[in-house]
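Note sheet for the following structure.
The figures here come from the full heavy-atom set of this structure, side chains too, leaving out hydrogens, waters and symmetry mates. Counting convention: from 1, in listed order, for ligands and their atoms alike.
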Amino acid sequence: MAKFKAKVNRNIISCRKKQQREAIFKVYKDVIYAVTQGKFLLVNVHEIYCYTDEGVKLAAVNIFTNKDVGLARQITRQVVKDVFPEYDKIQKILLCVSEAATNILKHAGPGQLIIKKTSDDSLRFIFNDHGPGIDIEYLPSMLFYKGFSTKTSLGYGFNLIYSIVDKMILSSSPNGTTVAFDIILE
Ligand SMILES: Nc1ncnc2c1ncn2[C@@H]1O[C@H](COP(=O)(O)OP(=O)(O)OP(=O)(O)O)[C@@H](O)[C@H]1O
Ligand SMILES: [Mg+2]
């Protein structure tokens with residue numbers, strides 16, 4: 001009987017902890033969404049499929065080594081060169097692709113970039129990996145402080161991407177991370 005009670009108590013504690021984590025996640029999600037005026041969307045691992053499954057796939061690149069960052073840039077250039085005539089705009093998009101792809105290699109191990117055209121006429125760049133994930137407690141610092149890093153890096157990449165793109169979507173867990181960003185087609 002005592003063993004049974006102990007097991008029930010453990011289950012109640014773990015259930016409460018799960019509820020607390022979900023409540024904290026929702027607060028982060030809502031506050032970041034409001035502060036960024038709807039530009040940054042934090043979603044859970046189930047919701048992310050609504051954003052990654054949508055649209056028409058234009059290209060995909062596996063990111064395994066530094067050389068693949070160059071390949072991701074090359075393929076991105078091919079996709080964007082006809083839709084964005086301005087050199088500056090293309091360079092900015094390429095910079096975002098470099099930063100997100102480098103983050104995969106630096107913080108997660110191998111991953112993939114998928115480029116899609118969404119139904120609301122944006123290009124969506126989706127970066128997936130199976131790394132250790134991003135602690136959501138770091139998210140405000142990553143977005144709003146230039147120079148925040150968990151490694152001995154500059155900590156500019158995430159903030160830079162956020163400042164350039166039209167929309168950013170993030171889902172992260174200890175099983176991996178998906179960072180997606182949208183560039184509205186003109
Ligand atoms: N794909 C990822 N998986 C796990 N953690 C990540 C991932 N991308 C970013 N991070 C975390 O977010 C932090 C901020 O990323 P950011 O790109 O801004 O800085 P950095 O990569 O550390 O430095 P820099 O980009 O200037 O070289 C990283 O230090 C890392 O902890
Ligand atoms: Mg980086």
*Which atoms of ligand 1 have any heavy atom of Phe158 under 4.0 Å away?*
16 (P), 17 (O), 18 (O)
*Is there side-chain contact between Gln112 and His130, with heavy atoms separated by less than 4.5 Å?*
no
*Within 6.0 angstrom of Tyr33 OH, more than 12 heavy atoms from elsewhere*: no
*Closest by any non-hydrogen atom to atom 25 (O) of ligand 1: pick that one out of Gly109, Gly176, Gly157.*
Gly157
*In total, how many protein N/O/S atoms does one find closer than 2.8 Å to the Mg ion (ligand 2)?*
1
*Select one of side chain, backbone, both or neither to describe which atoms of Leu160 lie under 4.0 Å from any atom of ligand 1, heavy atoms only.*
neither
_Using only atom types and a distance under 3.5 Å, with no angle test, would you say the side chain of Asp68 pairs donor to acceptor with the backbone of Thr65?_
yes
*Atom NZ of Lys92: over 12 foreign heavy atoms under 6.0 Å*: no
*Is Phe40 linked to Phe125 within one hydrophobic cluster, defined over Ile, Leu, Val, Met, Phe, Trp and Tyr using a side-chain heavy-atom separation of less than 4.5 Å?*
yes
*asked:* Would Lys89 and Ile183 count as a side-chain contact (heavy atoms from CB on, under 4.5 Å) here? Give the steps.
replied: CA-CA 10 Å; Lys89 178 93 177 182; Ile183 307 283; 3.9 Å; yes
*Under 3.5 Å, is there a donor-acceptor pair linking the side chains of Glu47 and Ser171?*
no
Side chains of residues 5-12: which donor-acceptor partners sit under 3.5 Å, not counting sequence neighbours?
none

*Identify which of Thr102, Thr177, Asp129 has a heavy atom lying nearest to atom 1 (N) of ligand 1.*
Asp129
_For Glu99, atoms of ligand 1 separated by under 4.0 Å from a heavy atom_ = 25 (O)
*Between Tyr156 and ligand 1, does any nitrogen or oxygen pair lie at a separation below 3.5 Å?*
yes
*Under 4.0 Å from a heavy atom of Lys106: give me the atoms of ligand 1 that qualify, with their elements.*
21 (O), 23 (O), 24 (P), 27 (O)
*Determine whether any heavy atom of Gly133 lies closer than 4.0 Å to an atom of ligand 1.*
yes
_Phe144 and Tyr162 aromatic ring geometry - parallel, tilted or perpendicular at 30°/60° bounds_ = perpendicular
_Given 3.5 Å as the limit, does a donor-acceptor pair link the side chain of Arg124 with the main chain of Glu54, or not?_
no
